[in-house]
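Data first, discussion second: the structure below is written as structure tokens.
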Amino acid sequence: MKLFKKKVEEVPVVDTAAAGSEEMTANIDAVMRKYDRESATRIWEGVPKIVLRWVMAVFSVYCIGMTLFSVELPETKLARFLAFIIILGYMTYPAKKGSMKVNYVPWYDIVLMVLGAGAFLYYAFNAMTIIKLATLIEVHHVIIGVVGLLALAELCRRCVGIPILCVVGVLLVYTFYNQMSWNFGFMSFGENLYQSLHTIIYKLFYTTSGVIGTPVNVCYTYIVLFIIFGAFLERTGIANFFISLANKVAGWSSGGPAKVAVISSALCGMVSGSSVGNTVTTGSVTIPMMKRTGYKPEFAGAVEAAASTGGQIMPPIMGAAAFLMAEYMDLPYMQVAVKAILPAVLYFAGIFIAVHLEAKKLGLQGISKSELPAWGSLVKKVYLIIPLVLLVWLVSSGLRTMQFSAAVAIAAAMLVGFLNKDERLTLKKILEALEAGAKGAVTVAVACGMAGLIAGCITVTGLASTLINAIVTLSGDHIIIGLVLTMLCCIVLGMGVPTTANYCIMASTCAPILIQLGLPAVAAHFFVFYFGIVADITPPVALAAYAGSAIAKSNPMKTGFTATKLAIAAFIVPYIFAYSPAMLFEGVTGFWPVLQIGMSSVLGIFGIAAAMNGHLVRPIPMLLRLVMAVGGLCMMIPGGLTDVIGLVVVVAIIAFQHVMKKKEVRTA
């Protein structure tokens, strides 16, 4: 879901300290436009803007109605859905970022839009005929398929980015190579090439194993509704409520603004499908506060980026990925949400500990209690979370479908919006929410279409088994090698891809590799999901970190590396549940194994965070920092012996630090 995302017209980035002002809003928009490809949209004003807003609102209503009531063939409804996505996409996203004319669409964009949408509409209106033809499709069918795929690929370049297109391009080249018969005989090279193209287009365009495969089906069936729900939820004022709540809970403590950033980003991010959007929205408030408190700009931007990215793994929503994971793993939604709890707690515990240690090292204070919101004002706003609670309850109860649950949650969000007198929902805001839902759907649907092509290429060529066999052979009996290779693949494939589409890609390409290596399906899917998400803070393509650096006015690369250091738990925790699925409540018969691994992991994260920070009650010498890092890792490695070794090492160094501190105080 695209929640808390705004659109813009200019690129310059300036200070955002004037929270709540028009200048701050413009600055948020500028950062989003520069670092979030989805925000680099055309400029519409006047009547065209109103018309396009209504068109997008109608599309959102159409999606809600069709999802709930349509009984058409998948080929018909999914092809028509992508046709509408192409129309809205080309009306929204220009060929390149930068200055654009107002109310202007170049002729070549109109041609691409008409041809691309026409190709998918042709398939939608002739689905039954094409299904009956099967592999006997004719030349004009092949041409139509090529046009449709090219138009969708160009839209993907505009609103998602180049990395995923590079992956698709490489796979398509390999697919052609795989499908070509290199022993031509009486057949010319041209005829052989056409036969390969004929087969590939049929499988990738005209079947549900390609572009209109599982990812697009899940997007159409579930994700679009949750995107629309997120857009309505934004306009209830829930983001401000989360930030105020975080201020009240942690703002008063040492280095309070950084802790506020961690808590508010976790709460806002769990219903957001955009690490960048979450970073910019909450960061526009928290980053200036952190800088004024005394944190370095690089650290302030990194804290917000790391916490905002972690919001994507925060149950119960997980940026809508929880519902996708339930679908892919064939598990009840509530089980997925429960399994995600402990890894998410460890992730945010690591960041929270890091910012606390940094605050103590710098001697930072918290926010004055007189400046914090009163509990009474927060209690009065607690009704804003009703739509979220209702959604989770409906989905987890299993009494209704996820589509129906999302529709009810949208209605609840509208009702809550009407009740909030400070940010009351109006007809204009309703239209804006529906428009935002449609815009958010464009990017996710296009990315899901590309994910379908990736899965289709892998299926057509049998590449999955080839990759699996190669990695299994390379790994031998050492599963750690397979895990590291899969981690690298996930980080590369996840660069700049929205959360939901990101998971679709990982579930199709990387998860089967780990399952073949012997990991339980749940652990495999969580592993690839985590490493797909952390691509947003992993240099060199660390979009969330770069967005945070723009607000903090810091060095982007330093901010990216600092964010990676703060989010170190995200690089360790997946290996823990890969080796010990008990962390995911998988294969356990009692509570003790989960409690043991949870407690030891928290203490281990503390040891690693302290070692990386280099300060407890006094500076830690480099040798002891290395020893403490090893002790922390020992506690995170499943096993009683390693836990004891790690605990002894960490406790001994902590005690030694306190003894040395007391000695320094006495001799001072």
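FYI, side chains are in, hydrogens and waters are out, and symmetry mates aren't considered; it's all heavy atoms of this structure.
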Inset, instruction - Run the numbers on C63 and F81 for side-chain contact (heavy atoms from CB on, under 4.5 Å), then give the verdict. - result: CA-CA 8 Å; C63 288; F81 171 70; 4.0 Å; yes
Inset, instruction - Show your reasoning for whether side-chain contact (heavy atoms from CB on, under 4.5 Å) applies to I576 and S601. - result: CA-CA 9 Å; I576 299 175; S601 296; 4.0 Å; yes
Inset, instruction - Would you sort out whether S549 and N555 count as a side-chain contact (heavy atoms from CB on, under 4.5 Å), showing the intermediate values? - result: CA-CA 6 Å; S549 74; N555 181 289; over 6 Å; no
Legend entry - Step-by-step side-chain contact (heavy atoms from CB on, under 4.5 Å) determination, Y220 to L82: CA-CA 9 Å; Y220 170 84; L82 285 181; over 6 Å; no
Inset, instruction - Mind running side-chain hydrogen bond (donor to acceptor under 3.5 Å, both in side chains) on E304 and T279 for me, showing each step along the way? - result: CA-CA 6 Å; E304 184 56 53; T279 299; 5.2 Å; no
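Remark: L346 CG to I341 CD1 distance equals 12.0 Å, nearest 0.5 Å. Rounding to the nearest 0.5 Å places CZ of R424 at 10.5 Å from OG1 of T426. Separation of atoms CZ (F226) and CG (L233) is listed at 12.5 Å; rounding is to 0.5 Å. Note: I85 CD1 to C219 SG = 6.5 Å, rounded to the nearest 0.5 Å. The line from NZ of K565 to CD1 of I351 is 13.0 Å long, rounded to the nearest 0.5 Å. Here the OG1 atom belonging to T486 is positioned 11.0 Å from the CD1 atom belonging to I491, to the nearest 0.5 angstrom.
Residues passing the salt bridge (Lys or Arg N to Asp or Glu O under 4.0 Å) test with K259: none are found, sequence neighbours excluded. For F59, the ring pair (Phe, Tyr, Trp, His ring centres under 6.0 Å) test picks out no residue, with sequence neighbours left out. With sequence neighbours left out, the salt bridge (Lys or Arg N to Asp or Glu O under 4.0 Å) criterion links E358 to K361. Residues passing the side chain to side chain contact (heavy atoms under 4.5 Å, CB included) test with V249 are L245, I263, W375, sequence neighbours excluded. Listed by chain and residue number, P373, L378 satisfy the side chain to side chain contact (heavy atoms under 4.5 Å, CB included) test with S244 (two or more places apart in sequence, or in another chain). Partners of F531 by ring pair (Phe, Tyr, Trp, His ring centres under 6.0 Å), not counting sequence neighbours, listed by chain and number: F527, Y575. Taking A302 as the reference, T559, T562, A563, L566 meet the side chain to side chain contact (heavy atoms under 4.5 Å, CB included) condition, with sequence neighbours excluded. Listed by chain and residue number, nothing satisfies the salt bridge (Lys or Arg N to Asp or Glu O under 4.0 Å) test with K429 (two or more places apart in sequence, or in another chain). L52 is linked by a side chain to side chain contact (heavy atoms under 4.5 Å, CB included) to W44, M56, M91, counting only residues two or more places apart in sequence or in another chain.
Within the 4.5 Å cutoff, side-chain heavy atoms of E432 are placed close to those of R53. F571 has its side chain within reach of T564: a pair of non-hydrogen atoms, C-beta onward, lies under 4.5 Å apart. Using a 4.5 Å heavy-atom cutoff, the side chains of F241 and S264 are not in contact. At a threshold of 4.5 Å between non-hydrogen side-chain atoms, the residues L425 and I430 count as touching. Looking at I164 and C156, their side chains come closer than 4.5 Å, going by heavy atoms from C-beta outward. In this structure, the side chains of C448 and V218 stay at 4.5 Å or more apart for every pair of heavy atoms. Under the 4.5 Å side-chain criterion, counting only non-hydrogen atoms from C-beta, P387 is in contact with F229. A 4.5 Å side-chain heavy-atom check between Y328 and H525 finds at least one atom pair inside the cut-off.
Among all heavy-atom pairs drawn from L431 and A57, the shortest one is CD2-CB, 3.9 Å. Scanning all heavy atoms of the two residues, the minimum distance from A406 to L225 falls at CB-CB, 3.7 Å. Nearest heavy-atom pair, I287 versus A300, reported as atom, atom and distance to 0.1 Å: CG1-O, 3.9 Å. Smallest separation of non-hydrogen atoms from I608 and A629: CG1-O, 4.0 Å. In plain terms, the two heavy atoms of V260 and I243 that are nearest each other are CG1-O, 4.2 Å. Of all non-hydrogen atoms in V102 and E45, the two that sit nearest each other are CG1-CG, 3.6 Å.
With hydrogens and angles disregarded, no donor-acceptor distance shorter than 3.5 Å links the side chain of K291 to the backbone of K296. Remark: the backbone N or O of A609 is not paired with any side-chain donor or acceptor of N613 at under 3.5 angstrom. When atom types are taken as modelled, the side chain of R42 and the backbone of Y90 share a donor-acceptor pair closer than 3.5 angstrom. No donor-acceptor pair closer than 3.5 Å links the side chain of R157 to the backbone N or O of I162. N420 contributes a side-chain N or O that, together with a main-chain N or O of T236, makes up a donor-acceptor pair within less than 3.5 Å. Put simply, the side chain of D536 never gets that close to the backbone of A544: no donor and acceptor are under 3.5 Å apart. Remark: the backbone N or O of T309 is not paired with any side-chain donor or acceptor of S265 at under 3.5 angstrom. At distances below 3.5 Å, at least one donor-acceptor pair connects side-chain atoms of S253 with backbone N or O atoms of A250.
Tested against R158, the residues V442, T41, V446, D109 include a single side-chain contact (heavy atoms from CB on, under 4.5 Å) partner, D109.
For residues 429-452, there are no ring pair (Phe, Tyr, Trp, His ring centres under 6.0 Å) pairs, not counting sequence neighbours. Screening residues 239-249 for salt bridge (charged side-chain N to carboxylate O under 4.0 Å, His left out) gives no qualifying pairs among residues at least two apart or on separate chains. Legend: ring pair (Phe, Tyr, Trp, His ring centres under 6.0 Å) pairs involving residues 339-368, not counting sequence neighbours: none detected.
Between K558 and E298 there is no salt bridge, since none of the side-chain N atoms of the basic residue sits less than 4.0 Å from a carboxylate O of the acidic one.
In the model, S254 has no side-chain atom that pairs as donor or acceptor with a side-chain atom of Q365 under 3.5 Å. Side-chain atoms of K381 and N240 include no donor-acceptor pair closer than 3.5 Å.
Taking the six-membered ring where the residue is Trp, F526 and Y530 present tilted rings, their angle falling between 30° and 60°.
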